[in-house]
Amino acid sequence: MITFYQGTLDTVMERLGESVSNFDGSWLEKCVPAAEEQIQQFENICSQYGYRLPKVYLDYLRTMGKNDGGLLEREWDGFAEPNISRILELFEEEDSDAREALQRGLLLFLYHCIDMNCYLDISKLEENPTVTINEEENPIVTIRESKYFAESFEKYLFQKAFKIYQHQFQYCTSIGTSIHSFDAILKKYACPCSVYGGTTEERRNFARGLAERFSMDETWFGDKVRYFSYDTWYALEIDIWYSFRLNFSCDDPMLKKQADSELEKIFHKLY
C-alpha cells in the first residue's frame with residue numbers, strides 16, 4: 001500500500017523521504033544537502049530583517065537544499081530553481097527584489113525567470129506572539145503580491161512529491177479549462193457563481209463532487225485550491241488555483257476508459 005505519511009513524531013523531511021521511497025527508491029540518492037556555510041549565510045540575511053528561517057525549511061535545506069532530486073523544479077514549466085546557491089545569488093544586491101520581499105515577511109525559496117517566484121510567508125513568526133507551532137513551522141506559500149498558493153510548506157512539498165507518484169503510472173488523462181469555460185461549468189453543475197469563475201469554496205465543492213463520481217477519498221495534503229486522491233492503482237489531482245485542471249493516472253485501461261467517459265459527460269459541450 002502506497003502511503004504519504006502524516007504525523008508529528010518524525011520530521012517533515014523524514015516522512016517525505018519515506019513516502020517517496022515507497023514508489024521511487026532512488027529519489028533520496030539524488031538529493032544533496034546545502035552546505036552549512038550557505039545555510040548560515042541565509043540565516044544571517046533573514047536576521048538583518050528581524051526574521052529567521054522556519055524549521056521546516058531548514059530541514060529541507062539540510063536534506064536537499066543543493067539538489068532536491070527534481071522535486072520543486074516541477075513547478076510551472078519544469079524550470080524552477082530552488083537550490084540555495086541560486087536563491088542566495090538573488091539576495092546579493094542590497095536593493096534586490098528578494099530583499100524587498102523579505103522586508104515584508106516573504107522569504108524567497110523558489111525562483112523562476114518569468115517572475116513566478118514562490119515565497120514562504122514568515123511575517124507571523126516574529127510579529128505575532130500567539131502564532132501556533134503549526135503556523136510557525138509550516139508557513140503558507142505565496143507568489144507575487146502575496147497571492148495564496150499553498151496552505152503550508154509541508155503540504156506544498158507533498159503536493160510536489162505526488163507529481164512524482166503520478167509519473168509511475170502507464171495511462172494519464174488530463175483536461176483543463178479557461179476561466180470562461182470553468183465559470184460555465186460551475187453555473188451548470190454546482191450553483192450560480194457569486195463571482196466570475198466562482199469563489200474558492202464553490203470551486204472546491206465542484207472538485208469534491210467530481211471526485212465522488214469515482215468514490216475517491218481526499219488526501220491530507222490537499223488545500224483550498226488543490227484536491228488530491230490516490231491509491232495503489234490510481235492518482236488524481238484537481239487544481240482550481242486559477243481555473244480548472246485535472247490529471248488522472250492509472251495502470252488499468254478500463255479505469256482510464258471510465259474516467260474518460262465521466263469527464264466527457266461534463267466537458268464535451270465546451271469544446
Side-chain angles (χ1 to χ4, degrees), residues 1-40 42-43 52-76 78-88 107-111 118-120 122 133-141 149-169 217-223 226-237 239 247 249 251:
M1 171 66 180
I2 298 299
T3 302
F4 287 87
Y5 296 102
Q6 179 186 22
T8 57
L9 296 179
D10 301 315
T11 68
V12 171
M13 299 312 302
E14 288 174 331
R15 288 188 284 107
L16 181 69
E18 290 180 9
S19 298
V20 179
S21 294
N22 281 328
F23 50 86
D24 186 346
S26 65
W27 175 66
L28 276 177
E29 298 174 3
K30 307 170 190 173
C31 298
V32 181
E36 280 299 323
E37 301 80 33
Q38 291 178 306
I39 294 175
Q40 185 60 60
F42 208 175
E43 289 184 312
R52 55 188 168 79
L53 295 177
K55 184 179 182 301
V56 66
Y57 183 55
L58 271 173
D59 288 344
Y60 168 84
L61 292 176
R62 288 178 172 143
T63 305
M64 54 189 71
K66 182 176 181 180
N67 187 332
D68 65 11
L71 183 68
L72 301 190
E73 292 173 4
R74 298 170 184 271
E75 195 57 84
W76 308 122
F79 292 97
E81 298 181 76
N83 68 83
I84 192 170
S85 296
R86 185 69 178 108
I87 298 301
L88 287 174
L107 179 67
L108 176 68
F109 73 89
L110 184 73
Y111 169 76
C118 291
Y119 304 84
L120 297 178
I122 59 174
I133 292 176
N134 187 57
E135 288 175 321
E136 177 182 341
E137 297 201 349
N138 291 297
I140 67 170
V141 178
F149 198 60
E151 186 176 311
S152 71
F153 187 59
E154 176 184 13
K155 287 191 174 186
Y156 180 73
L157 291 175
F158 275 86
Q159 289 171 9
K160 298 300 108 177
F162 188 83
K163 290 187 175 296
I164 298 177
Y165 182 54
Q166 286 178 309
H167 283 86
Q168 310 299 309
F169 293 98
D217 296 325
E218 186 174 4
T219 67
W220 65 267
F221 54 83
D223 56 32
R226 292 179 183 86
Y227 184 104
F228 299 89
S229 181
Y230 73 95
D231 212 317
T232 306
W233 57 88
Y234 77 86
L236 171 69
E237 173 191 7
D239 188 323
N247 293 307
S249 304
D251 284 330

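- Summarising the geometry of R52 relative to I122, their closest heavy-atom pair is O-CD1, 4.0 Å, with the distance given to 0.1 Å.
- Once rounded to the nearest 0.5 Å, the distance linking OG1 of T63 with CG of L58 reads 10.0 Å.
- L107 has its side chain out of reach of P139: every pair of non-hydrogen atoms, C-beta onward, lies at least 4.5 Å apart.
- When every heavy atom of R62 is checked against every heavy atom of P33, the shortest pair comes out as O-CB, 3.1 Å.
- Side-chain atoms of Y5 and N22, non-hydrogen and from C-beta on, do get closer than 4.5 Å to each other.
- Considering every non-hydrogen atom in both F162 and A235, the closest pair reads CZ-CB, 3.7 Å.
- The salt bridge (charged side-chain N to carboxylate O under 4.0 Å, His left out) contacts involving residues 18-29 comprise nothing, where partners must be two or more places apart or lie in separate chains.
- Between Y57 and F153, the two ring planes are perpendicular [angle over 60°; tilted spans 30° to 60°].
- For S229, the side-chain hydrogen bond (donor to acceptor under 3.5 Å, both in side chains) partners at least two apart in sequence or on another chain are Y234.
- Residues M13 and L157 meet the side-chain proximity criterion, which asks for heavy atoms closer than 4.5 Å.
- Remark: Q40 CD to L53 CG distance equals 9.5 Å, nearest 0.5 Å.
- Remark: D59 pairs with K55 by the salt bridge (Lys or Arg N to Asp or Glu O under 4.0 Å) rule, at least two apart or across chains.
- Here the shortest heavy-atom pairing between G222 and E151 reads O-OE1, 4.3 Å.
- With sequence neighbours excluded, the residues that form a side chain to side chain contact (heavy atoms under 4.5 Å, CB included) with N67 are V32.
- One distance of note links CD of E154 with CD of Q6; it measures 7.0 Å at 0.5 Å rounding.
- Sorted by first and then second residue, the salt bridge (charged side-chain N to carboxylate O under 4.0 Å, His left out) pairs with a member in residues 65-74 form an empty list; sequence neighbours excluded.
- Remark: side-chain polar atoms of E14 are paired, donor with acceptor, to backbone N or O of T11 under 3.5 angstrom.
- Remark: R226 fails to qualify as a cation-pi partner of F221 under the 6.0 Å distance and 45° angle criteria applied to the six-membered ring.
- Here I84 contributes atom CD1 and F109 contributes atom CZ; the two are 13.5 Å apart, rounded to the nearest 0.5 Å.
- Using a 4.5 Å cut-off on side-chain heavy atoms (C-beta onward), I87 and L108 make contact.
- Within the 4.5 Å cutoff, the side chain of K155 has no heavy atoms near those of the N138 side chain.
- With no hydrogens or angles considered, no side-chain donor-acceptor pair links E237 and Y165 at under 3.5 Å.
- Considering all non-hydrogen atoms of both residues, S21 and L28 come closest at OG-CD1, 3.7 Å.
- Between I164 and F23, the closest heavy-atom pair is CG2-CE1, 3.8 Å.
- Looking at L236 and N247, their side chains never come closer than 4.5 Å, going by heavy atoms from C-beta outward.
- With sequence neighbours left out, E218 forms a side-chain hydrogen bond (donor to acceptor under 3.5 Å, both in side chains) with R204.
- The line from CG of L71 to OH of Y156 is 8.5 Å long, rounded to the nearest 0.5 Å.
- Atom CD1 of I2 sits about 8.5 Å away from atom CD of Q168, to the nearest 0.5 Å.
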For side chain to side chain contact (heavy atoms under 4.5 Å, CB included), just list the numbers for Y60 and L72, CA-CA rounded to whole Å, side-chain angles, deciding distance to a tenth of an Å, and then say yes or no.
-> CA-CA 11 Å; Y60 168 84; L72 301 190; 3.6 Å; yes
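- Ring to ring, W220 and F158 are close: their centroids are under 6.0 angstrom apart.
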Begin from the C-alpha positions of F228 and Q166 and carry the test side chain to side chain contact (heavy atoms under 4.5 Å, CB included) through to its verdict.
-> CA-CA 11 Å; F228 299 89; Q166 286 178 309; over 6 Å; no
